[in-house]
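Reminder, nothing fancy here: chain letters follow the sequence lines and each chain counts from 1. Worth saying up front: this structure is predicted, and the values here are computed from it rather than measured.
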Number of protein chains: 2
Amino acid sequence: MDEPNAIKMPMSNEDCENFRIIELLFFAYRSFVTDADEVLSEYGFGRAHHRILHFTNRIPGLTVAELLDILKITKQSLSRVLKELIESGHIVQLRADNDGRKRLLYPTKKGRKLALKLSQMQSKRIETAFANIVSNDIPRQSHAVEAFLQNMIDRSDRDFLDQLLNEGVSVD
Amino acid sequence: MDEPNAIKMPMSNEDCENFRIIELLFFAYRSFVTDADEVLSEYGFGRAHHRILHFTNRIPGLTVAELLDILKITKQSLSRVLKELIESGHIVQLRADNDGRKRLLYPTKKGRKLALKLSQMQSKRIETAFANIVSNDIPRQSHAVEAFLQNMIDRSDRDFLDQLLNEGVSVD
DNA sequence: AAATATATGTCAGGTATGTTGACATATATT
DNA sequence: AATATATGTCAACATACCTGACATATATTT
């Protein structure tokens with residue numbers, strides 16, 4: 001009964017200056033996190049495991065409370081995933097000498113190895129993205145950022161998206 | 001029975017050059033997406049709704065298949081969320097003239113308005129992040145990227161994280 | 001010493017967003 | 001007429017988050 005009232009004009013940069021950056025962030029981040037997924041699934045792990053493993057390796061001896069603060073999730077949510085990482089021998093908990101309530105989290109050798117493997121995969125993508133920023137992107141810093149994000153996106157996505165978002169769709 | 005074998009050394013840049021970028025991406029992206037959450041929840045919407053709404057506004061008249069390709073989710077998953085956006089009057093579907101099977105997605109006035117509101121929130125953070133790249137970050141493009149990502153992170157997180165990740169934790 | 005606060009863990013149930021597999025329908029194409 | 005394509009829908013399930021309530025061990029305060 002309502003007439004559809006469909007708006008057929010695409011949103012333009014006049015509406016919002018940073019559409020391109022907004023979208024690049026979305027796709028770049030997706031490619032970035034997806035790198036690790038395949039390896040993680042071999043262990044029956046997900047992204048939640050990855051985050052915990054990463055920060056435990058990066059800040060060995062951090063407490064559960066600190067980890068919760070970093071990840072901004074609830075202890076119940078952390079608990080389940082952390083338990084699996086402990087059972088699989090990737091992380092250990094040690095009682096703090098100065099305060100017996102605190103449980104300090106440390107990676108094991110196994111945990112360190114996996115964390116490095118995952119980080120190096122992500123690092124490789126980042127390295128390539130930096131390397132492929134061509135020098136005529138320098139004049140404006142925003143261009144370097146834009147180029148970086150663009151380069152972070154999977155090749156398979158990049159062409160498809162560029163076509164869709166830049167050439168656009170006919171507005172009849 | 002197993003001795004813990006806890007590793008107490010933090011991972012360093014020698015292990016992996018881009019730890020800093022990896023972490024900045026994580027926190028920057030989190031701040032970026034969290035901007036919209038509060039507004040979305042007023043409508044009973046989540047991030048899935050946001051993504052659909054965004055691309056429907058950005059590419060009005062896109063098909064369901066194209067949207068699935070962009071979001072890389074299943075049609076069953078899309079369906080549930082899209083249905084809510086249609087029922088709430090943010091998106092309409094119109095039959096394609098040239099192919100009656102296709103349902104073209106368009107925002108309504110209401111949908112356009114919400115999409116713009118959300119984009120402008122995110123754009124504001126991006127704008128500020130660009131503006132606060134100080135000029136001595138220019139020499140290397142990577143510095144501009146790093147500064148940008150750093151500036152994208154919520155103030156409240158930034159100081160806490162900087163302390164935790166740079167000054168580190170005592171390794172006894 | 002007793003009361004309280006802190007750090008952690010756990011039980012139980014709920015939500016949002018994704019998945020797979022099977023099947024239905026309408027429209028195009030061969 | 002047969003097949004392919006675009007979409008929708010039913011059902012069951014997985015992951016990763018949530019809230020609320022309660023338990024336990026250790027520190028700190030009174």
Side-chain angles (χ1 to χ4, degrees), chain A residues 26 29-30 33-34 36-38 40-56 61-88 91-106, chain B residues 26 29-30 33-34 36-56 61-88 91-106 169:
Chain A
F26 173 69
Y29 191 76
R30 183 168 71 189
V33 295
T34 304
D37 286 350
E38 209 173 310
L40 285 163
S41 75
E42 290 170 19
Y43 296 79
F45 292 160
R47 288 174 194 173
H49 299 83
H50 188 185
R51 291 195 281 272
I52 294 169
L53 189 62
H54 180 90
F55 288 107
T56 300
L62 90 172
T63 64
V64 170
E66 285 171 330
L67 190 48
L68 290 176
D69 245 26
I70 291 174
L71 300 177
K72 297 205 194 302
I73 56 175
T74 58
K75 60 181 173 177
Q76 297 92 325
S77 197
L78 174 63
S79 170
R80 220 172 326 136
V81 182
L82 179 56
K83 201 182 285 175
E84 290 173 6
L85 285 163
I86 290 168
E87 280 166 7
S88 66
I91 291 179
V92 290
Q93 283 182 310
L94 301 182
R95 211 171 241 283
D97 285 346
N98 55 332
D99 187 337
R101 293 168 303 179
K102 292 184 181 171
R103 303 298 155 83
L104 309 186
L105 302 175
Y106 293 95
Chain B
F26 172 69
Y29 191 76
R30 182 168 73 189
V33 294
T34 305
D37 286 351
E38 208 173 310
V39 173
L40 285 164
S41 74
E42 290 169 19
Y43 296 78
F45 293 160
R47 289 173 192 175
H49 300 83
H50 189 184
R51 291 194 281 273
I52 293 170
L53 189 61
H54 180 90
F55 287 107
T56 300
L62 91 172
T63 64
V64 170
E66 284 171 330
L67 189 48
L68 290 175
D69 245 28
I70 290 174
L71 298 177
K72 297 206 194 302
I73 56 176
T74 58
K75 61 181 174 177
Q76 297 91 327
S77 195
L78 173 64
S79 171
R80 218 174 326 142
V81 182
L82 179 56
K83 201 182 286 176
E84 292 173 3
L85 285 164
I86 290 168
E87 280 167 6
S88 66
I91 291 180
V92 289
Q93 284 182 309
L94 302 182
R95 213 171 241 284
D97 284 347
N98 56 332
D99 186 339
R101 293 169 302 180
K102 292 183 181 171
R103 303 298 155 82
L104 308 186
L105 302 175
Y106 293 94
V169 172

Undergrad: What string of B, S and - do you get for nucleotides 5-18 of chain C, 5' to 3', when a contact is any protein heavy atom under 4.0 Å?
TA: -BSBBBB-----BB
Undergrad: Pairing check on D:dT9: which nucleotide meets the Watson-Crick or G-U wobble criteria with it, both distances under 3.5 Å?
TA: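 Base-paired to C:dA22.
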Undergrad: Figure out the CG/C1' separation between A:Asn98 and D:dA25, and round it to whole Å.
TA: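 Spelled out: CG on A:Asn98 to C1' on D:dA25 is 16 Å.
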Undergrad: Kindly check if the number of other-residue, nucleotide or ligand heavy atoms within 6.0 Å of CD (A:Glu38) is above 12?
TA: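 Open: at most 12 neighbouring heavy atoms sit under 6.0 Å from CD of A:Glu38.
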Undergrad: Quick one: pull up OG1 in B:Thr56 and CD in B:Glu66 and give me the separation to the nearest 0.5 Å.
TA: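 If we round to the nearest 0.5 Å, B:Thr56:OG1 and B:Glu66:CD are 11.0 Å apart.
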Undergrad: Just name whichever nucleotide pairs with D:dT30, Watson-Crick or G-U, keeping both distances under 3.5 Å, else none.
TA: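 Per the H-bond distance test, C:dA1.
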Undergrad: At their closest point, which heavy atom of A:Val64 faces which heavy atom of A:Leu78, and how far apart are they?
TA: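 Closest heavy-atom pair between A:Val64 and A:Leu78: CG1-CD2, 3.8 Å.
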Undergrad: Minimum heavy-atom separation for B:Phe55 and B:Leu67, please, with both atom names.
TA: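 Distance-wise, the nearest heavy atoms are CB-CD1, 4.0 Å.
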Undergrad: Taking it one step at a time, do B:Leu104 and B:Gln93 satisfy side chain to side chain contact (heavy atoms under 4.5 Å, CB included)?
TA: CA-CA 5 Å; B:Leu104 308 186; B:Gln93 284 182 309; over 6 Å; no
Undergrad: Given atom CG of A:Leu53 and atom P of D:dA16, what is their separation to the nearest angstrom?
TA: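 So the CG-P distance, A:Leu53 to D:dA16, works out to 14 Å.
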Undergrad: Using whole Å, what does the distance between atom P of nucleotide D:dA25 and atom CZ of A:Arg95 come to?
TA: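 Those two atoms, CZ and P, are 10 Å apart.
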Undergrad: Report the relative orientation of the aromatic rings in A:His54 and A:His50; use parallel for angles under 30°, tilted for 30 to 60°, perpendicular for over 60°.
TA: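 Taking A:His50 first and then A:His54, their aromatic rings stand perpendicular (interplane angle over 60°).
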Undergrad: What is the base-pairing partner of C:dT27, counting Watson-Crick and G-U wobble geometry with both distances under 3.5 Å?
TA: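 Pairing partner: D:dA4.
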